[in-house]
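What follows is a short report on a single structure.
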Amino acid sequence: MALDTKVFVNKLIEDGYTHLCVVPCSFAKYVINEAINNPKIEYVASASEAVACSVASGLKMAGKKPIVIVQSSGLTNMGSCITSLLKPYNITFPILTSWRTYKDGDSEIQHQHLASQLPKLIDSYGYEHVILNQEDIEDALSQIELCDTAHTMCIIKKDSFTKVELNDEHKLDLSKHIPRSKYLSELNQKFRNSDTLFIGTTGNTAREMYSFMKDTNNFYMAGNMGGALSLGLGASLAGKKVIVCGGDAEAVMHMGGLTTAGRYKDIDLTYILFDNEQNKSTGGQNTYQNHLDYITIAKASGLEIIDTIDELSDNKGVKFLYIKCGIDDETPRPPLDVVKVSKFQ
Ligand SMILES: Cc1ncc(C[n+]2csc(CCOP(=O)(O)OP(=O)(O)O)c2C)c(N)n1
């Protein structure tokens with residue numbers, strides 16, 4: 001059985017909870033939708049789990065009642081905040097983490113390690129854990145209360161919540177933008193049979209590259225969200241020509257990668273940022289990043305701005321291409337044998 005999401009969120013509000021600080025996981029999609037729909041709780045879309053945890057700490061220390069929701073793969077990002085802020089300063093608030101599983105042969109290898117080790121990770125942070133009771137809403141709420149007052153984390157399993165659609169006023173309309181597949185096909189055409197290495201980021205970019213860039217040399221980075229540009233920087237410092245293709249949520253998770261990459265001139269590295277204004281792969285949640293001017297940020301970080309795929313060339317430098325794009329239909333994930341590559345071609 002799944003918890004009634006609307007009742008659950010409304011009861012949290014009745015219990016005084018004020019903010020939901022989130023990096024999305026598809027397991028929490030419906031709670032996120034309800035929090036966005038419901039004006040009585042504030043949805044704080046966070047660039048990373050570390051950001052979500054620090055914002056929640058500030059809220060709690062200033063008298064509010066925040067809740068954090070993250071994916072198990074992101075719990076490691078919160079490690080520093082947990083061990084050096086929450087624990088020593090005895091700050092508590094509910095941290096809800098999904099528990100992603102892994103089946104042998106599955107290409108989602110980013111979840112393989114924590115599929116068995118999540119409780120140990122939580123334990124190593126000095127936290128107890130409870131598994132959210134999806135059968136009994138009152139018990140589930142008392143588990144959240146416990147997590148608000150003790151260093152206890154709440155694990156969410158798949159299908160814990162009933163379906164809630166986003167209200168129309170929160171839905172994104174990207175129909176006027178050209179879908180990403182069109183640009184990926186153009187890249188495929190231009191770089192087929194070239195030695196340029198393409199790195200696709202976690203999320204739907206890599207998945208779509210698998211469908212629309214069949215003839216290029218691609219590395220599909222299933223996990224390590226936020227690390228694609230830096231992975232590409234390492235490869236280009238080692239002499240590769242590299243083009244990183246990423247999404248807008250991935251771009252901000254470890255944005256310091258831009259400032260590090262911008263220091264270099266004598267390498268061949270390009271970062272193409274596909275901005276679809278959402279976390280497509282975890283359920284299409286709005287990234288709420290329209291206040292960002294990505295081109296200005298990249299330029300100020302030292303990258304050279306180019307405007308079109310046509311301008312991509314073998315000239316040395318660290319280049320940045322921003323593309324606002326629309327949404328393609330779902331495409332299949334790349335299979336395990338193409339994902340699990342430990343050396344670049
Ligand atoms: C550290 C970490 N946190 C959260 C996730 C869950 N996650 C996977 S993809 C994704 C969103 C990707 O969105 P974006 O980069 O905009 O690309 P899109 O899927 O929209 O193409 C999220 C939140 C993750 N894999 N790793």
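Note that this is a predicted model, so its numbers are computed, not measured. Both counts, for ligands and for their atoms, begin at 1 and track the order of listing.
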- Note on the structure: Checking heavy atoms under 4.0 Å, the part of N77 that sits near ligand 1 is side chain
- Message: If we set the cut-off at 4.0 Å for heavy atoms, which region of T282 has an atom near ligand 1: side chain, backbone, both, or neither?
- Response: side chain
Among all protein heavy atoms in this structure, tell me which lies nearest to [atom], with the distance rounded to 0.1 Å.
atom: atom 17 (O) of ligand 1; result: G247 CA, 3.8 Å
atom: atom 11 (C) of ligand 1; result: N279 OD1, 3.3 Å
atom: atom 5 (C) of ligand 1; result: Q71 OE1, 3.4 Å
atom: atom 23 (C) of ligand 1; result: P24 O, 3.3 Å
atom: atom 19 (O) of ligand 1; result: N204 N, 3.0 Å
atom: atom 15 (O) of ligand 1; result: E250 N, 2.9 Å
atom: atom 4 (C) of ligand 1; result: E49 OE2, 3.3 Å

By number and element, which atoms of ligand 1 are closer than 4.0 Å to a non-hydrogen atom of [X]?
X: S281; answer: 9 (S), 10 (C), 11 (C), 12 (C), 19 (O)
X: T205; answer: 21 (O)
X: N276; answer: 18 (P), 20 (O), 21 (O)
X: G203; answer: 9 (S), 19 (O)
X: M253; answer: 1 (C), 3 (N)

- Between F8 and F161, is the ring centre distance below 6.0 Å?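 Between F161 and F8, which both carry aromatic rings, the centre distance is below 6.0 Å.
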- Give a yes or no on whether the ring-centroid distance for Y127 and H151 is below 6.0 angstrom.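 Yes, the ring of Y127 comes within the 6.0 Å limit of the ring of H151, centre to centre.
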Under the 3.5 angstrom rule, does the side chain of [X] hit a backbone N or O of [Y] as a donor-acceptor pair?
X: N167; Y: E169; result: no
X: Q134; Y: M1; result: yes
X: T205; Y: T202; result: no
X: N33; Y: V164; result: yes
X: T259; Y: G256; result: yes
X: Y102; Y: D106; result: yes

- Message: Against L269, only a single residue in V318, I243, I199 fulfils side-chain contact (heavy atoms from CB on, under 4.5 Å); can you say which?
- Response: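 When side-chain contact (heavy atoms from CB on, under 4.5 Å) is applied between L269 and each of V318, I243, I199, only V318 qualifies.
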- Message: Between Y288 and E277, is the side-chain hydrogen bond (donor to acceptor under 3.5 Å, both in side chains) condition met? List the steps.
- Response: CA-CA 7 Å; Y288 294 107; E277 299 183 13; over 6 Å; no
Tell me the nearest of [options] to [atom], using heavy-atom distances.
atom: atom 21 (O) of ligand 1; options: H254, R180, K280, E208; answer: R180
atom: atom 14 (P) of ligand 1; options: S98, A222, A249, A206; answer: A249
atom: atom 10 (C) of ligand 1; options: M225, H111, E108; answer: M225

Please confirm whether [X] comes under 4.0 Å of ligand 1, counting heavy atoms of the residue only.
X: T201; result: no
X: S73; result: yes
X: Q110; result: no

- Task: Determine whether L121 and V68 fall in the same hydrophobic cluster, where Ile, Leu, Val, Met, Phe, Trp and Tyr are linked whenever their side-chain heavy atoms lie under 4.5 Å apart.
- Result: yes
- Linking I/L/V/M/F/W/Y whenever their side-chain heavy atoms sit closer than 4.5 Å, directly or via other members, would I178 and I309 fall into one cluster?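 In one cluster with I178: I309, yes.
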